[in-house]
There are 2 protein chains.
Amino acid sequence: MKNNIRIYRAIHNLTQEELARKISVTRKTVNSIEGGKYNPSIDVAYKMAKLFNVTIEELFCFEDEENNNEEDESLP
Amino acid sequence: MKNNIRIYRAIHNLTQEELARKISVTRKTVNSIEGGKYNPSIDVAYKMAKLFNVTIEELFCFEDEENNNEEDESLP
DNA sequence: GCCATATGTAACATATGTTACTCTTTTAGA
DNA sequence: TCTAAAAGAGTAACATATGTTACATATGGC
């Protein structure tokens, strides 16, 4: 699932570590979610969205994430 | 975390099983989330919100869930 | 009361999100 | 270039969400 964390982090001028501290998770969690390694829990998603003053839907891109292959390394 | 699943389910006239099938989870998952047994994953939350045509924030009540005790049995 | 449907719930197994620890790589600045 | 901050990442351990299966309870119509 793609997301706009990096963008909103830039807008609010926060490092991954600062963001992590503000929402009470580790920097690795922010790093992994921002990099799309895994999806956030709904709590973490909400805390981030609230901090950035946007909705969860604005921060994370759900739309057509079901039928893609999250990497292009499998393409011919 | 409280939620309005039961209400929106009633509005859309769906049983737990029908809702479950529409969002590709089991009835137990719907039942457990609706009953507040655990929080949904962000995917399930999104699918429900999309089906009911509301935002995740409208469907689930995050606001002051940190400092409550999720039951009123502890009240005097 | 009897029956069908809807809902609540338990034990266990599996999948996924999060942390702690550590290390490497990239980026920005003097 | 050298340095430090920032970001990317691997692993193991743990917490939580979800599925499977089965059974119990409620509710309404006959």
Side-chain angles (χ1 to χ4, degrees), chain A residues 1-52 55-57 59-74, chain B residues 1-52 55-57 59-62 64-73:
Chain A
M1 178 193 306
K2 288 192 174 65
N3 63 75
N4 302 316
I5 297 174
R6 186 180 301 267
I7 295 171
Y8 284 107
R9 215 161 45 72
I11 293 173
H12 290 259
N13 197 35
L14 292 173
T15 66
Q16 291 181 342
E17 183 146 24
E18 290 167 335
L19 169 57
R21 202 172 305 120
K22 282 179 181 290
I23 64 176
S24 303
V25 297
T26 64
R27 184 179 69 82
K28 171 128 181 81
T29 296
V30 168
N31 180 284
S32 299
I33 294 172
E34 178 172 315
K37 293 286 181 271
Y38 51 73
N39 296 336
S41 69
I42 197 166
D43 297 287
V44 172
Y46 174 73
K47 286 179 183 174
M48 275 196 194
K50 188 177 179 185
L51 179 66
F52 292 146
T55 65
I56 295 176
E57 285 87 350
L59 191 53
F60 297 93
C61 312
F62 300 88
E63 285 315 328
D64 36 60
E65 296 293 321
E66 291 87 25
N67 53 350
N68 68 357
N69 31 22
E70 71 232 7
E71 301 290 342
D72 30 350
E73 57 200 354
S74 62
Chain B
M1 178 193 306
K2 288 192 175 64
N3 63 75
N4 303 315
I5 297 173
R6 186 180 301 267
I7 295 171
Y8 284 106
R9 214 161 45 73
I11 292 173
H12 290 258
N13 196 34
L14 293 173
T15 66
Q16 290 182 343
E17 183 145 23
E18 290 167 336
L19 169 56
R21 201 172 306 121
K22 281 178 180 291
I23 63 176
S24 304
V25 296
T26 63
R27 183 178 70 82
K28 166 137 184 68
T29 296
V30 168
N31 181 283
S32 298
I33 294 171
E34 179 172 314
K37 293 285 181 279
Y38 49 72
N39 295 338
S41 70
I42 198 166
D43 296 288
V44 173
Y46 173 73
K47 286 178 182 174
M48 274 197 196
K50 187 178 181 186
L51 179 65
F52 292 145
T55 64
I56 295 176
E57 286 86 350
L59 191 52
F60 297 94
C61 312
F62 300 89
D64 36 58
E65 295 295 319
E66 291 86 25
N67 53 350
N68 69 356
N69 29 25
E70 72 230 10
E71 300 290 341
D72 31 351
E73 57 201 353

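Quick caveat, the model's predicted, so the values are computed rather than measured. Each chain gets a letter, A, B and so on, in the order the sequences are listed, and its residues count up from 1.
- Counting heavy atoms from C-beta on, the side chains of B/Ile42 and A/Pro40 come closer than 4.5 Å.
- In this structure, the side chains of B/Ile5 and B/Leu19 come closer than 4.5 Å at one or more pairs of heavy atoms.
- With sequence neighbours excluded, the residues satisfying side-chain contact (heavy atoms from CB on, under 4.5 Å) with B/Ile7 are B/Asn4, B/Ile11.
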**Report entry** Working for salt bridge (charged side-chain N to carboxylate O under 4.0 Å, His left out), residues A/Arg9 and A/Glu18
**Finding:** CA-CA 10 Å; A/Arg9 215 161 45 72; A/Glu18 290 167 335; over 6 Å; no
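- When the P atom of C/dG17 is taken as reference, atom CG of A/Asn3 falls 13 Å away, rounded to whole Å.
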**Report entry** Reading 5' to 3' through nucleotides 22-30 of chain C, protein heavy-atom contacts under 4.0 Å coded B for base, S for sugar-phosphate only, - for none
**Finding:** ---------
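- Distance CD1 (A/Ile42) to C1' (C/dT18): 16 Å, rounded to an integer number of Å.
- Across all their heavy atoms, B/Leu59 and B/Met48 have their closest contact at CD2-CB, 3.5 Å.
- Of the two residues contacting DNA chain D, namely B/Ser41 and A/Thr15, the nearest-nucleotide position lying further toward the 5' end is that of A/Thr15.
- Taking atom CD of residue A/Glu17 and atom P of nucleotide D/dG8, one finds them 13 Å apart after rounding to whole Å.
- In the region residues 29-36 of chain B, proximity to DNA chain C at under 4.0 angstrom, judged on heavy atoms, holds for B/Asn31.
- Proximity of a side-chain donor or acceptor of B/Gln16 to a complementary backbone N or O of B/Lys28 within less than 3.5 Å is not detected.
- Applying the 4.0 Å criterion to OP1 and OP2 of D/dG8, one finds that A/Gln16 has a side-chain N or O inside that range.
- Relative to the axis of its first five pairs, the axis of the last five pairs of the helix from C/dG1-D/dC30 to C/dA30-D/dT1 sits at 50°, rounded to 10 degrees.
- Each of B/Leu14 and A/Ser24 has a nearest nucleotide on DNA chain C; the 5'-most of these lies closest to B/Leu14.
- Taking B/Thr29 as the reference, B/Val25, B/Thr26, B/Ile33, B/Tyr38 meet the side-chain contact (heavy atoms from CB on, under 4.5 Å) condition, with sequence neighbours excluded.
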N/O contacts under 3.5 Å, protein versus nucleotides 11-16 of chain C?
none

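- Distance check: B/Lys22 NZ to B/His12 NE2 gives 10.0 Å after rounding to the nearest 0.5 Å.
- Residues B/Cys61 and B/Met1 approach most closely at O-CG, 3.4 Å, considering heavy atoms.
- Between A/Phe52 and A/Leu14, the closest side-chain pair of non-hydrogen atoms falls below 4.5 Å.
- Residues B/Asn3 and B/Phe60 come closest through the heavy atom pair CB-CD2, 3.5 Å.
- The interatomic distance linking B/Ile5 (CD1) with C/dT7 (C1') rounds to 14 Å, in whole Å.
- From A/Glu34, atom CD reaches atom CZ of A/Arg6 across 4.5 Å, with rounding to the nearest 0.5 Å.
- One interatomic measurement links the two molecules: CZ of A/Arg9 to C1' of D/dG8, which rounds to 12 Å at whole-angstrom precision.
- A side-chain donor-acceptor contact under 3.5 Å links A/Glu57 to the backbone of B/Ile56.
- Among D/dA7, C/dT7, C/dT19, the nucleotide with an atom closest to any side-chain atom of A/Thr26 is C/dT19.
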